[in-house]
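In the text below, chain A, chain B and the rest are named by the order of the sequence lines, each starting its count at 1. Small disclaimer: the values here were computed from a predicted structure and weren't measured.
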Amino acid sequence: MSDTPSYDPQAVEAAAQRRWDERHVNEPDLGRPRRPFYNLMMFPYPSAEGLHVGNMFAFTGADIYGRFKRLQGFDVFEPMGFDAFGIHSENFALSVGTNPAKLIPQNIDAFRRQLKRFGGMFDWRHELSTTDPRYYKWTQWIFLQLLKAGLAFRKKAAVNWCPKDKSVIANEQVINGYCERHPDTKVEQRFLEQWFFAITRYTERLLGNLERLDWSSSTLTLQRNWIGKSEGAELIFETPGGERIGVFTTRPDTVFGATYLVLAPEHPLVETLTTQEQRAAVREYQRAAQSQDIVSRRVGDRTKTGVFTGAYARNPATGEAIPIWTADYVLMEYGTGAIMAVPAHDRRDFEFATAFGLPIRQVVRVEGETLPSVSEDGVLVNSAAFDGVPCREAQGQIVAWLAERGLASSRVQYRLHDWCISRQRYWGPPIPIIYCDRCGPVGVPEQDLPVELPLIEDFRPDDSGVSPLARHKEWYYAACPQCGAQGRRETDVSDTFLDSSWYFLRYPSTEFDDRPFDQARTRTWLPVTTYIGGNEHAVLHLMYSRFITMALKDLGHLAFEEPYVKFRAHGMIVKDGAKMSKSRGNVVVPDEYLQKWGADTFRMYLMFLGPFQEGGDFRDTGIIGIRRFLDKVWACAHEAAGAGTRQLPPPVQRKLHQTIKKVSADTESLDYNTAIAAMMEYINLVREAGPVATTRGATEPLLILLAPYAPHLCEALWERLGHKDSIFASARWPAFDERLTTAEEVEIAVQVNGKLRGRITVPRGSTEAQVVARALAEEGVRKFVDGNAVKKTVYVQDRLVNLVV
RNA sequence: GCCCGGGUGGCGAAAUCGGUAGACGCAUGGGACUUAAAAUCCCUUGGGGAGCGAUCCCCGUGCAGGUUCGAAUCCUGCCCCGGGCACCA
């Protein structure tokens, strides 16, 4: 058609976005929505490099879902914000020598521009940044609520310490045990008083609730593994001096094979038990363990080291005296910090016993296994009265037997640790605490919040070993809120995961400065209806925000305890099979694609790459296919605008209803790639059918189905078809008629002995007898039946018949 | 090492309460239109074989077995790739 203007994405997209802004299309009535739908996606960290395709992939997938819900008649709230505190910003700022407070606004501006360009349905009235004092005032408020409730406490914990920097460094700055900035300087560990949140008091709730959450199963599995519940027993080994050493074990059935004990070097009893002769060696070992950085201390598969303490304890099962060692393969933070070593049935103990010549006693026999044999599918041997008992049964029996003498009890152990929120850094919200010599640590009164992070030039850590914030006396010294004496502010800032643990609560209430979240708003919009994000945050962010929500509920601030009713994990977009990263130099920037192809084509291309929930490898060889499709839609709509209304030919009508059905189901389940394929099939059929099918009745439903995917194009074509209001404000998701999705006749596969031998077309709903008769009439089928008697027939209604001869 | 995913044409992928493998798209090759090119449109394409031809036969979903009338799909044992955890007792 010569009067059809050509499709110019840049012009179409600019016009559509202008329209949405002017008419406030993306801004639901937060006060009185009819059908509220909170569509959340993970807010980005605004890096200096700008939005990359990984972000766009995630946001597009989430935005499609939000627009889909919008067209289904929901009042969709789709907010966006910036997670701008943290070590990444700070490190970047250090490298360019500019305060992050000056850099971040520029980054945010660039991000906002890109986010607008790709066409997200964001309600920008509710944008937030975690670095805004109006936001982190409430992050600090949350800290104070937990402090009041006894859920925030101080504890000594190890950090990485660089002796050159005279400063704490993060785990990711430790490279093979050396400082990232001083490759010749070994990192040590130091013990500092730090703030923790008592997330472990919520372990069972965090675990149990997972049963009831509508989350991607991969995410649930990651959370369960992270919590790491393991059931076992605590056994007591007594020393001649009367000390009781508790050990946690999941294999109490192997206690007869425990030939020595190992205490972590940090275990308090090491000091008490070590004999005079061993003292020097043990001290030396403890010192060595401590001088390691915490990263390499935890890296597995190291050669076993350890020292004998000179002391002995009695094996509660055998009564034998067994030696007590200390070794760093036992971790103080798990279980009791002590283990019973069963070298015959534990790989690590076996390795250690072999290295130090300790006895190895087999107490479990498993068919066909050599030592160390760790299987539980065996029976006990060398275990006195328990010989011959299967492992699993023996576990309970032995615990019960030892419990009679008070030497055992059942115990559940978790891997989850309390959450250390202290960061010895500059770029974060100051922890609102004032230390007073008389009163100890005192929370800053709520009316004094926020404790603003001062804009300082010398935010770089220096050799003084004092936090940059402590060098600013006017900030550092503050009156004790309790007694008025001069106190000192906490100079640590809080973890960025605390910032992001509650941002979804803030979005609907950003305009209120006198409360973190408005009660009415929160009741209306929360919990979040659907959260779509990456599994890279499956444990930390998602676990912490669940915990904070539970704590706030218990403290009376919220009426619900699970923040995200439905969570879906999207896949990761990679480049040539590898994660995109700056160091690999394989980061794909979306800007040039948006420039060349437009947002709609690029959005759809990303979704067509593969299943959204699996991700895929980015390559740009197929974009043209999406563009061709959109060109067809463009032409079709323009032709339809000038065409009259007429009945669709039956095959086109059938395809239309099939397409509505498939796109509705696939969009709901985030199977965007197949939804797009279905729309392509449909437009191909319409184009093939020609002018009789290129009508308003064929085109309008397609525009609505396509609108979540290519919102700008559909907005423009909707207008072209004469509609005054935005498609998102006025269109309703089309319904399909199940009866119209099926044809009168169906093709049936005919198999002989399971091999496909022909196809026949029969009326829908034909009986088995009719179909078999028709099948046997086929020459190609008869050839294979060849006079043999049909022993059996298998008939699948309207699909297939199999003749067994 | 343990826990999750996943291996299907030249490529991205469809199809899994077992039922016509390869939808849709890219890229091929051929053709139409054009002075020509671009764009567009039509046809072709898993491998092998038979036939002038409409067609027909054999093989084929990482490998080896198994269950079944029938397996990409279920079971057993392997191999490879990606992700997570990692001395967690």
Side-chain angles (χ1 to χ4, degrees), chain A residues 6 217-222 224-226 228-230 232 247-251 254 258 262 264 297-304 327-331 333-342 345-349 351-352 374 413-417 535-536 538-539 569 571-572 574 577-579 604-605 608-611 613-626 628-629 631-632 635 671 673-682 684 687-688 747-759 780 783 790-805:
Chain A
S6 70
S217 61
S218 57
T219 315
L220 292 173
T221 302
L222 286 164
R224 285 198 188 96
N225 291 347
W226 191 256
K229 180 173 186 171
S230 78
V247 305
F248 174 71
T249 178
T250 53
R251 296 294 305 274
T254 63
V262 186
R297 169 67 199 273
R298 288 172 160 280
V299 165
D301 283 343
R302 291 164 52 238
T303 317
K304 296 279 180 291
D328 69 358
Y329 81 94
V330 173
L331 307 174
E333 56 269 30
Y334 187 78
T336 61
I339 61 151
M340 65 174 198
V342 185
H345 306 292
D346 181 283
R347 210 161 275 126
R348 297 152 300 182
D349 298 341
E351 207 183 301
F352 190 82
V374 298
Q413 185 63 41
Y414 303 90
R415 219 189 69 109
L416 184 72
H417 292 130
N535 257 347
E536 66 271 22
V539 285
M572 208 196 331
V574 299
K579 227 179 201 165
M604 287 189 73
Y605 176 64
F608 196 59
L609 220 50
Q613 290 171 94
E614 283 166 35
D617 205 344
F618 184 86
R619 58 192 68 211
D620 46 19
T621 52
I623 303 184
I624 186 71
I626 297 291
R628 285 179 189 141
F629 166 68
D631 277 332
K632 286 182 214 173
D671 293 314
N673 55 334
T674 50
I676 292 169
M679 290 187 279
M680 287 174 166
E681 283 186 52
Y682 175 67
N684 289 345
R687 300 307 278 165
E688 206 178 295
E747 192 185 63
I748 290 197
V750 182
Q751 296 180 341
V752 178
N753 288 338
K755 284 195 184 236
L756 182 69
R757 295 304 181 188
R759 296 183 170 95
K783 197 161 73 188
V790 174
K791 279 193 291 194
K792 180 180 171 187
T793 62
V794 181
Y795 179 54
V796 181
Q797 180 81 54
D798 296 334
R799 285 188 72 86
L800 167 145
V801 66
N802 187 11
L803 310 173
V804 186
V805 300

Regarding the side chain of E681(A), the nearest nucleotide among rU20(B), rA23(B), rG25(B) is rA23(B)
Euclidean distance, Y605(A) OH relative to I626(A) CD1, rounded to 0.5 Å: 8.5 Å
Between rG30(B) and rU67(B), how far is it from one P atom to the other, in whole Å? 50 Å
Considering all heavy atoms, the nearest V330(A)-A264(A) contact: O-CB, 3.3 Å
In whole Å, what separates the P atom of rC17(B) from that of rG29(B)? 39 Å
Rounded interatomic separation in angstrom, taking OH from Y605(A) and C1' from rC24(B): 14 Å
Can you tell which of rC3(B), rC57(B), rG25(B) lies closest to the side chain of K632(A)? rG25(B)
Would a 4.5 Å heavy-atom cut-off, applied to side chains only, mark Y329(A) and E351(A) as touching? no
Please state how far atom OH in Y329(A) lies from atom C1' in rG1(B), giving the value in whole angstrom units. 16 Å
With a 4.0 Å cutoff (strictly under), does any side-chain N or O of R347(A) reach OP1 or OP2 of rG1(B)? no
Complement of rU55(B), any strand, by Watson-Crick or G-U distances under 3.5 angstrom: rA50(B)
Can you identify which nucleotide, out of rG25(B), rC69(B), rG83(B), has its nearest atom closest to the K579(A) side chain? rG83(B)
Is there a Watson-Crick or G-U wobble partner for rG18(B) with both distances under 3.5 Å, and which nucleotide is it? none
For rC59(B), take OP1 and OP2 only and decide whether either is under 4.0 Å from a side-chain N or O of K755(A). yes
Rounded to whole angstrom units, what separation is found between the CZ atom of F618(A) and the P atom of rC11(B)? 20 Å
Would you say the base of rC87(B) and the side-chain of K304(A) have a donor-acceptor pair closer than 3.5 Å? yes
Between rU20(B) and rG70(B), how far is it from one C1' atom to the other, in whole Å? 12 Å
Quick one: is rA14(B) close enough that its OP1 or OP2 comes under 4.0 Å of any side-chain N or O from N673(A)? yes
Pairing partner of rA89(B), by Watson-Crick or G-U wobble and under 3.5 Å for both distances, is none
So, OP1 or OP2 of rG25(B): does either fall under 4.0 Å of a side-chain N or O from N684(A)? yes
Earlier contact from the 5' end, RNA chain B, for W226(A) and I339(A): W226(A)
Which value, in whole Å, describes the distance between the P atoms of nucleotides rA21(B) and rG53(B)? 25 Å
RNA chain B: 5'-proximal contact among Q413(A) and L222(A) (nearest heavy atom): L222(A)
Select one nucleotide: of rU20(B), rG70(B), rA23(B), the one nearest the side-chain heavy atoms of L756(A). rU20(B)
Just call it for R757(A): base, sugar-phosphate, or nothing, with non-hydrogen atoms closer than 4.0 Å on any strand. sugar-phosphate
Candidate nucleotides rA89(B), rA13(B), rC24(B), ranked by approach to the side chain of P611(A) - the nearest: rA13(B)
Over how many whole Å does the gap from R619(A) atom CZ to rA27(B) atom P extend? 14 Å
On the ring face of F352(A), is K304(A) found with NZ or CZ under 6.0 Å from the centre and within 45° of the axis? no
What's the gap between rG62(B) and rC52(B) when it is taken at their C1' atoms, as a whole Å value? 41 Å
Do R415(A) and N225(A) have side chains that approach each other closer than 4.5 Å (heavy atoms only, starting at C-beta)? no
Report yes if at least one side-chain N or O of R415(A) is closer than 4.0 Å to OP1 or OP2 of rA86(B); otherwise report no. yes
d(CD, E614(A); P, rA15(B)) in whole Å: 10 Å
Do T254(A) and M340(A) have side chains that approach each other closer than 4.5 Å (heavy atoms only, starting at C-beta)? yes
From CG of L803(A) over to C1' of rG70(B), roughly how many Å is that when rounded to an integer? 12 Å
If you check the V796(A) side chain, which of rG19(B), rC3(B), rA89(B) turns out closest? rG19(B)
Base, sugar-phosphate alone, or nothing: which one does I748(A) contact when heavy atoms must sit under 4.0 Å apart? nothing
Does Q751(A) contact rU20(B) through a side-chain donor or acceptor facing the base, at a distance under 3.5 Å? no
Could you check if the base of rG66(B) is syn or anti? Syn means the glycosidic torsion is within 90 degrees of 0. anti
Under 4.0 Å from OP1 or OP2 of rU68(B): is there any side-chain N or O of K792(A) that close? no
Answer yes if the side chains of N802(A) and K792(A) hold a donor-acceptor pair under 3.5 Å, and no otherwise. no
How far, in whole Å, is rG18(B) from rA71(B) if one measures between their P atoms? 13 Å
Taking R251(A) for the side chain and V374(A) for the main chain, is one N or O donor matched with an acceptor at less than 3.5 Å? yes
Given rG18(B), is OP1 or OP2 found less than 4.0 Å from the side-chain N or O atoms of R799(A)? no
Identify which nucleotide among rC56(B), rC26(B), rU20(B) has an atom closest to any side-chain atom of K783(A), counting heavy atoms from C-beta outward. rC56(B)
What's the OH-P distance between Y334(A) and rA89(B), to the nearest Å? 4 Å
C1' spacing across the pair rC81(B) / rC24(B), given as an integer number of angstrom: 26 Å
By the Watson-Crick or G-U definition, both distances under 3.5 Å, rG5(B) is matched with rC81(B)
Could you give the CD1-to-P distance, from I624(A) to rA27(B), as a whole number of Å? 7 Å
Phosphate OP1/OP2 of rU40(B) contacted by R628(A) side-chain N/O (<4.0 Å): yes
Spacing of the P atoms in rA38(B) and rA27(B) (rounded, Å): 13 Å
CG on N535(A) to CD on Q613(A), rounded to 0.5 Å: 10.0 Å
